[in-house]
Amino acid sequence: MSGRSTDLRVDPIIAQWLASGPEVGPEHGLQRALAATRKVQQRPGWTFASWWLPAGAAGLDLRVSRTQALALLVVATLAVLAVAASLAGTFLQPNPTSSPAPPVEQGNLIAYQEGPPITGSGHVTFLARPDGSARRPLTRIVPFSRLPVFSPDGQRVVFLSPSSERTRDGRLLVVRIDGTGQLVQVDGGIQSLPADVPQVSWSPDGSRIAFAGTLDGISTIFVTPSDGSAAPVAITDASAHRNSPTWSPDGAWIAFRERDLDGVRTRLRRASPDGATVEEITLVVADDAYLSRVRWREADGPMAYWYNPGFGSETSAYIDLLFTHKNEPWRGTPGGSWDSGVTWAPDGSKIAFLTQDEGVVIADFDPTEPYDGRVVSLGPVADCWVDWAPTGDALYGGAPGGCNGVVVIPLADPGAATTIPGSTAGVASWQPLPE
Amino acid sequence: VVSARSGDRQAFDALATALYDRLYAVARRILRDGYAAEEAVQECLIHAWRELRSLRDPSRFEAWMHRLLVNACHDQGRKARRLAVEVAEISLDPSDPADDLATVVRADELERGFLELPVGHRAVLVLTHYQGMSAPEVSEVLRIPVGTVHSRLHYAIRAMRAALSNASAELPQGAITERGP
């Protein structure tokens, strides 16, 4: 570059301020940009093959610019249309098949990952009906996306956007499923956790999102507006690691898992969304103790989670009646990802979970009667994770034999389970039914 | 550039890798936001790969890339979703203990003054006084007349000087000496 403009010099302070800042971009940014360029095709150049040209003209550069090429194309198209119209005596009718596809009825979409058969590796999130029809990418703006979670009204999805195909953490983004509006970054630049189950939870009214992120090396629970209009607020301090937030159905509480910095005490707690009130749900004191994320049945009602008090004990599928007593519908060794926890049917009458030896197990729950001990084993119809379809008549989860896909399991005939075509590893999300 | 123009992916990757830091540094200075700068460079590279065949003169590649970058910065500037990121960056960035109050206030005012400028004016200022381009070079990159480069530069410098004056006016008496050794 040549010399500076001499008549418009800036003060040294301004020049110094302009020069201050990073000279080097982040490596992940380069990798992400290169990956993004690989997703688009180079536009073809407009050239004449040399054998079209008269002798002596082959050496000339006869490339035409895109504008010129477009103009030529428009002229040629108009000429063809004019000839066709004069021959047929009429203009072409609009093609009825070119109209946009009808919108999918609410409650019939699944957000799931496609990509390599490895958890957390270069996935892209798609939306489709359970049979794979009406398939479309959730967004074309970011190259990678994983762990989608539908908003309570089913119109938005929050998901993780990793910076490269090798990373599991990334930016937390919200997008509308109808393609309108922009991507909204809601994590405020806070580093998300590199988890394999979603570390986010929508407030029941959809206005806020609770998520687990890292602040000064401590896993912390944050609450942030779902429209990105303000920075996230930490609702837990740096005295322990916290993760797996789950918002209560009435919006008054956020349950989360807590592990002391020395790794000995593990708790489940619930906090008010502003962090002002924090209560302990349960506590286990052992290096090998385990508590999974909480699944709420109703406000201030039963919660379900995996419970292992440590010291080599078996693990229980726990139904915690909050400060009264607990039910243990099943005891043994959980299967799949324990972090997925124990899930409630939409009407709260059953729980479902993955076990190592019995596959998917469903247990009844009636809050008005003592637990009757009835469980049903569906066998190895899912792996890694399992959850309920919003209609309550089916489960969906990781495909058996390594979770390389999302399987939908009708409860009336579990043997007729089908895998969403093209789906690969990763926890999916089923769109809620309309209110 | 010729290989990349004919569709050679490896050649394009090599070009992009060689230019990435420079493009990022310019975008970061125009947008004053790391995340937005990353997005702008990514958009610039996607556009470059897609449209590279339309570049007739390979020797103009770098100027062409800067034009694409400034266009991408314009697009980023139009997106009004930066509040959360900016607030978080400010609150999370560890402050430099060497900074005294005067430096902080000055930087704050310069930042404010700079961000009030249109992206086109910021680009002229950065390309001229950070990249060291001459007015004709900036004119070629931005496809604007040289006279417009001068007028934008004049306007931008005047705005930055006003910001600097604001900073001096904001400093309370004795503020610097109170924090001195």
Side-chain angles (χ1 to χ4, degrees), chain A residues 1-5 7-11 13-15 17-30 32-34 36-47 61 63 65-67 141 143 163 171 182-190 215-216 224-225 227-232, chain B residues 5-7 9 12-13 16-17 20-25 27-29 32 34-35 37-38 41-42 44-46 48-54 56 79 81 83-85 87-89 91-92 106-107 110-111 114 125-126 128-137 149-150 153-154 157 160-161 164:
Chain A
M1 303 293 168
S2 64
R4 291 164 188 270
S5 166
D7 54 341
L8 288 163
R9 289 181 189 280
V10 293
D11 310 62
I13 290 174
I14 297 174
W17 178 82
L18 274 174
S20 64
E23 300 290 333
V24 175
E27 175 64 23
H28 69 80
L30 171 63
R32 192 164 63 94
L34 291 178
T37 62
R38 288 192 189 97
K39 288 182 180 291
V40 297
Q41 293 292 316
Q42 212 175 16
R43 288 200 178 148
W46 291 79
T47 57
D61 183 1
R63 265 195 296 264
S65 72
R66 192 154 58 88
T67 313
I141 298 175
S163 57
R171 289 172 293 154
Q182 295 176 332
L183 278 180
V184 178
Q185 183 174 4
V186 292
D187 59 17
I190 290 158
L215 191 62
D216 298 329
T224 187
D227 60 2
S229 59
Chain B
R5 192 175 63 179
S6 63
R9 270 278 358 164
F12 180 79
D13 283 3
T17 304
Y20 180 77
D21 287 340
R22 257 184 291 168
L23 295 175
Y24 175 83
R28 179 76 171 71
R29 279 161 179 81
R32 313 298 301 176
Y35 169 71
E38 269 184 62
V41 176
Q42 178 173 315
C44 163
L45 290 177
I46 290 172
W49 169 247
R50 196 186 282 157
E51 306 293 342
L52 193 51
R53 284 182 195 266
S54 70
R56 291 188 174 195
K79 291 181 182 172
R81 60 184 174 88
L83 180 63
V85 177
V87 169
E89 278 195 357
S91 59
L92 292 173
R106 195 184 297 139
L110 286 172
E111 184 101 14
F114 188 75
L125 201 57
V126 170
T128 305
H129 289 290
Y130 171 69
Q131 282 288 80
M133 290 185 187
S134 65
E137 285 169 335
V149 174
H150 285 302
L153 207 48
H154 176 73
I157 291 172
M160 295 299 281
R161 281 183 186 144
L164 210 53

Examine R161(B) relative to W17(A) and say whether NZ or CZ is less than 6.0 Å from the centre of the six-membered ring and inside a 45° cone about the ring axis.
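No, R161(B) and W17(A) do not form such a contact.
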Strictly distance-based, threshold 3.5 Å: is any side-chain N or O of D21(B) a donor or acceptor partner for the main-chain N or O of E23(A)?
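Not at all, since once roles are kept as given, no pair shorter than 3.5 Å links the two residues.
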Name the region of L125(B), side chain, backbone, both or neither, that has any atom closer than 4.5 Å to a heavy atom of chain A.
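Its backbone and side chain both get close to chain A.
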Toward chain A, the part of S6(B) with a non-hydrogen atom under 4.5 Å
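For S6(B), the backbone is the part near chain A, not the side chain.
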A33(A) and L45(B): which non-hydrogen atoms are nearest, and at how many Å?
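Heavy-atom minimum between the residues: CB-CD1, 3.7 Å.
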For a quick test of reading the model, state the closest non-hydrogen atom pair linking Y130(B) to A19(A) and the distance between them.
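For Y130(B) versus A19(A), the nearest heavy atoms are CD1-CA, 4.0 Å.
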So which of P143(A), A15(A), G29(A) has the largest heavy-atom pair count under 4.5 angstrom toward chain B?
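That would be G29(A).
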Note, F12(B) side chain near T37(A) side chain (heavy atom, < 4.5 Å)
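Yes, their side chains come closer than 4.5 Å.
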Determine whether D13(B) and R38(A) make a side-chain contact, defined as any pair of heavy atoms from C-beta on separated by less than 4.5 Å.
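Yes, their side chains come closer than 4.5 Å.
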Spatial distance of atom [atom1] ([X]) from atom [atom2] ([Y]) [nearest 0.5 Å]:
X: I14(A); Y: L110(B); atom1: CD1; atom2: CG; result: 6.0 Å
X: Q131(B); Y: L18(A); atom1: CD; atom2: CG; result: 11.5 Å
X: D11(A); Y: H129(B); atom1: CG; atom2: NE2; result: 10.0 Å

Relative to chain B, which segment of P225(A) carries a heavy atom at a distance below 4.5 Å: side chain, backbone, both, or neither?
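Neither the backbone nor the side chain of P225(A) comes within 4.5 Å of chain B.
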Heavy-atom distance under 4.5 Å to chain B: side chain of A36(A), backbone, both or neither?
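Answer is both: backbone and side chain atoms of A36(A) are under 4.5 Å from chain B.
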Checking side-chain polar atoms at under 3.5 Å, does Q42(A) have a donor or acceptor matched by the opposite partner on R50(B)?
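The criterion, which ignores hydrogens and geometry beyond distance, is not satisfied for R50(B) and Q42(A).
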